[in-house]
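Counting convention: from 1, in listed order, for ligands and their atoms alike. Values in this document were obtained by computation on a predicted structure and should not be read as measured data.
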Amino acid sequence: MAPANLIDGRAIARQLQGELVQRIEALKGRGVQPGLAFVRVGEDAASKVYVGRKEKMCAELGIASETHVLPEQTSEPELLVLLDRLNADRQLHGILVQAPLPPHLRATTVYARVSPEKDVDGFHPLNVGKLMLGDPTGFLPCTPAGIRELLARSGVQVARAEVVVLGRGNIVGKPMAAMLCQKAPHANATVTLCHSATRDIGAHCRRADILIAAMGVAEFVKADMVKPGAVVVDVGVNRVSDPSAKGGSRLVGDVDFAAVQPIAGQITPNPGGVGPMTIAMLMQNTVRAAEHAAR
Ligand code: GUN
């Protein structure tokens, strides 16, 4: 039997998707088919897997999707021309440019080119600004939005909690901290954002009622860094070498799950925790974009 303290991201994502099916049906009844475009540049192995999963979920829910795969050497102007074309396409309500981009492409320039109304990733500076301001008309980035939903639907009390976020990336850590410190439902927490230059990171972690690990270091969070009963959310996906595994490597999170699970109050499994929620929130953002366009 699975330990009772697991937060089942797959089940919660399924619940969300069930809610979306009804909204998609309503849109179709009005002659609107939600549409999402994926853009992938280069051959990053993990990105191929992630985009594949997102395409599959679109198909399951009845969202039309198209994927544009560009060669690694694609220039910035070439990519921007494609984005302009997708921005102008009335069949498309969302555009997602999969990160990471090859190093010669400037992420800030690329994400600023996606129309803010189609920015279902929440990476455009206008949407980042709306997040900071607490303006709910923007799009929230999918992974932190999914984590907030996961906490809310698992009955975790976020208001007044001490939250420690590990990692200051633009995709998870920074927006996660911004989201949970808002004076809003399922937020209103005291948030500490730790990163590679933080002194005595363990001392911060041990104070956390909710610990969110998103720094991309394999099994960084050990048992002695977690307060007994704390809620632990593992965002990491790290490939580590393991001669005994098929292919010589395996995936681990940012949390040493076997050591931390017995002392955590609740913990996300990995896989099966945050990942499915990210995809569910992308679908939700796309449906919202289509509803907005259909008004
Ligand atoms: N790479 C890892 N996470 C994400 C995400 O949420 N969106 C995009 N576009 N790329 C990612």
Going by side chain to side chain donor-acceptor pair (under 3.5 Å), name the residues that satisfy it together with Arg23, two or more places apart in sequence or in a different chain.
Glu291

Under 3.5 Å, is there a donor on one side chain and an acceptor on the other for Ser154 and Gln266?
no

Test question: given the 4.5 Å side-chain rule for I, L, V, M, F, W and Y, name all other residues clustered with Val81, or answer none.
none

More than 12 heavy atoms from other groups under 6.0 Å of CD on Gln91:
no

Heavy-atom donor-acceptor pair, Ser65 side chain to Leu36 backbone, under 3.5 Å
no

I'd like the residue list for ligand 1, meaning every protein residue with a non-hydrogen atom under 4.0 Å from the ligand.
Leu96, Val97, Gln98, Ala99, Asp121, Phe123, Ile171

Pairs satisfying salt bridge (charged side-chain N to carboxylate O under 4.0 Å, His left out), at least one member in residues 213-233, at least two apart
Asp209-Lys227, Lys222-Asp256

